[in-house]
Amino acid sequence: MFSNSSVSTKLFFALNSLQHRGQESGGMTVSDGEKLIRKKGQGLVIDIFKEDNLNALKGNLGIGHVSYTASRGNQDYNVEPLMGFAKKNEFSIAFDGNIVNHQILRTRLEEEGIMFQTSIATEVILFLIARYYNGYIVDAIKKAMKVIKGSYSAVLLMNNKMVAFRDPMGIRPLTIGYNDNDVIVASENAANEILGMTNTRDILPGEIVEVTKDGIKSFFLEGPKKPRHCIFEYVYVAREDATLDKVNAYNFRRRCGEYLYLESPCDVDLVVPVPDSGIPSAIGFSQEGKIPFATGLVKNRYMGRSFIKPTQELRELSVKLKLNPLKTVLEGKRIALIDDSIVRGTTSANLIKRIREAGATEVHMRITSPPVCYPCYYGIDTPSRKNLIAANLSIEEIREKIDADSLAFISPDAFQRATLIREDRYCKACFDGNYPVDPIII
């Protein structure tokens, strides 16, 4: 972020608007024009940053990060943004995605005698940029982008500029917003809108954006661009108000609910969503089927997202604490339960059991994405294939496992049509196994 005034408080609000993308750790680095100052820690943004340490982060350039990735562990040295020192310059970087050749690059660099301070791919990217830096940062980033393979959206901070860059397929989202006083780069447009940016657009696949006090400059990595935006962003990850690569998450989810009813109707008394990402789809299902919509699960807004908890035990406990069946609504009713996905199946089984205990006579589950049959290698923390229920059981077997009266998933065709984009420019590898970047690079 660049601002004509101090950035730390604005970064604080921006990171809070992106807190749904990770609750395990967070941090920010700010430049005062001469040096970089960093503050980071474990937990939520509001717990890490207080008025005193925000006031100590003085400067008009800054970057921030929130993280959930389980593979990072609970190690302070893995919390981003990272910092490095090379060629009389300070660098700081924040990154979203996954580099599939990270371990190969790390091993080669270690064989050259390089010693790393973290266990994450972000440090490899930072090292490559510093190695290639010859006084012009865009050239160094281009060279690094030609070496790393996978998905990435990243922001790099130096004492007098910020540079954002996105992988050539645009798998992970990245937006830029600006007005007369500020420039903000963020994973989702909510951060831009909350802080009053009057102009917002997507950073394009393979694009590099340099921000200084003199303005914004755009560059592109040479070579073909093949958009493969992550469709799971619209299913679950992004906020409802996110419009990423021309598709709004709320409208996509609502259309999925409409199409799902047309494909798999059911005779029920109420349509009940699994909040929050299931709400727009349940509205679409309810309106298309002319079935009353009801809040049958009360959400504790102070809990994190159950899908991205590091262990199964924590995920199950999180579901119990976060979602409580409303007996006065459910008792004696036939329910259509609408959710965005089934990954491991334990959450769905838990919810259906508790909905039945609350008195529902039937529970028909409808899922507004196709079965998740393959792990993601590009930054979504899905488990290995042996732990994906749809990779190992048929739909009927899943229905029996979760104890639903019926179970249906949206078809791949309707799922694609819900984007309203004619050409198929999405990464749907978690559903179809068609990986745009080979997850095993030798």
Side-chain angles (χ1 to χ4, degrees), residues 230-238 240 249-250 252-268 270-289 291 293 296-297 305-307 315 319 323 334-355 360 362-376 380 382-383 387-419 426 428-433:
C230 172
I231 203 165
F232 205 72
E233 285 279 348
Y234 309 125
V235 174
Y236 175 81
V237 180
E240 292 176 6
Y250 176 89
F252 171 84
R253 293 170 189 172
R254 180 181 51 78
R255 285 191 292 268
C256 282
E258 294 171 356
Y259 293 150
L260 185 56
Y261 179 82
L262 293 173
E263 292 184 331
S264 303
C266 53
D267 185 14
V268 295
L270 296 174
V271 177
V272 173
V274 178
D276 282 320
S277 48
I279 293 174
S281 297
I283 292 172
F285 194 95
S286 167
Q287 291 177 340
E288 189 65 38
I291 306 167
F293 173 96
L297 294 167
R305 302 182 80 167
S306 58
F307 173 75
R315 278 189 293 271
V319 171
L323 298 171
R334 299 168 299 164
I335 303 299
L337 184 64
I338 313 298
D339 204 357
D340 54 66
S341 59
I342 296 180
V343 180
R344 301 165 182 87
T346 50
T347 296
S348 300
N350 186 323
L351 283 176
I352 291 173
K353 177 184 177 183
R354 296 173 67 213
I355 287 170
E362 296 177 17
V363 182
H364 300 267
M365 192 147 203
R366 296 294 182 266
I367 306 299
T368 55
S369 64
V372 177
C373 295
Y374 301 88
C376 175
I380 303 298
T382 51
N387 294 320
L388 293 170
I389 193 169
N392 299 284
L393 300 178
S394 67
I395 292 178
E396 174 59 21
E397 288 170 332
I398 297 172
R399 184 199 67 74
E400 292 180 0
K401 186 83 172 177
I402 65 176
D403 192 30
D405 290 283
S406 69
L407 171 66
F409 295 80
I410 196 171
S411 70
D413 177 66
F415 191 57
Q416 168 66 36
R417 283 190 286 115
T419 67
Y426 298 99
K428 295 180 283 189
C430 56
F431 304 117
D432 60 18

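Scope of the values below: all heavy atoms of this structure, side chains included, with no hydrogens, waters or symmetry mates. Not measured: the values here are computed from a predicted model.
Ile342 places none of its side-chain heavy atoms less than 4.5 Å from the side chain of Thr347. Side chains of Tyr261 and Val271 form no contact here, defined as non-hydrogen atoms less than 4.5 Å apart. Side chains of Leu270 and Ile291 form no contact here, defined as non-hydrogen atoms less than 4.5 Å apart. Between Met365 and Ser406, the closest side-chain pair of non-hydrogen atoms is not below 4.5 Å. By the 4.5 Å heavy-atom criterion applied to side chains, Cys430 and Ile380 are not counted as neighbours. No side-chain heavy atom of Cys373 sits under 4.5 Å from any side-chain heavy atom of Leu388. Using a 4.5 Å heavy-atom cutoff, the side chains of Ile283 and Tyr250 are in contact. Side-chain atoms of Leu407 and Ile398, non-hydrogen and from C-beta on, do get closer than 4.5 Å to each other.
In this structure, CD1 in Ile231 is found 9.5 Å from CG in Asp432, a value given to the nearest 0.5 Å. For the atom pair OG1 (Thr346) and NZ (Lys401), the distance works out to 10.0 Å, reported to the nearest 0.5 Å. Of the inter-residue distances, the one linking Thr382 atom OG1 with Phe232 atom CZ reads 8.0 Å to the nearest 0.5 angstrom. With rounding to the nearest 0.5 Å, the separation of SG in Cys266 from CZ in Arg334 is 9.0 Å. Interatomic distance, Ile395 CD1 to Ile389 CD1, rounded to the nearest 0.5 Å: 11.5 Å. Atom CG of Leu260 is separated from atom CD1 of Ile367 by 8.5 Å, given to the nearest 0.5 angstrom.
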Candidate pair Leu337 and Leu297, rule side-chain contact (heavy atoms from CB on, under 4.5 Å), full reasoning: CA-CA 10 Å; Leu337 184 64; Leu297 294 167; 4.1 Å; yes

Stepwise salt bridge (Lys or Arg N to Asp or Glu O under 4.0 Å) check, Arg399 with Glu396: CA-CA 5 Å; Arg399 184 199 67 74; Glu396 174 59 21; 2.8 Å; yes

Working for side-chain contact (heavy atoms from CB on, under 4.5 Å), residues Val274 and Asp340: CA-CA 8 Å; Val274 178; Asp340 54 66; over 6 Å; no

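Phe415 has its ring centre no less than 6.0 Å from the ring centre of Tyr259.
For Ala390 against Val372, the heavy-atom pair with the smallest separation is CB-O, 3.4 Å. Across all their heavy atoms, Glu258 and Glu288 have their closest contact at O-CG, 3.7 Å. Here the closest non-hydrogen pair linking Arg253 and Glu233 is NH2-O, 3.7 Å. Looking at every heavy atom in both residues, Tyr374 comes nearest to Gly433 through CD1-N, 3.3 Å.
When Gln416, Arg417, Glu263 are each tested for a side chain to side chain donor-acceptor pair (under 3.5 Å) with Ser411, only one passes: Glu263. Exactly one of Ser341, Ser264, Pro371, Ser369 qualifies for a side-chain contact (heavy atoms from CB on, under 4.5 Å) with Phe409. That residue is Pro371. Results of the side-chain contact (heavy atoms from CB on, under 4.5 Å) test with Phe293 over Ile279, Ile338, Val272 single out Ile279 as the only residue that passes.
Between Tyr234 and Tyr426, the angle of the ring planes goes over 60°, which puts this pair in the perpendicular group of the 30/60° scheme.
Distance alone, capped at 3.5 Å, places no donor-acceptor pair between the Asp339 side chain and the Gly278 backbone. Between the side chain of Ser281 and the backbone N or O of Thr368 there is no donor-acceptor pair closer than 3.5 Å.
Every residue was checked against the side-chain hydrogen bond (donor to acceptor under 3.5 Å, both in side chains) condition with Asn392, not counting sequence neighbours, and none meets it.
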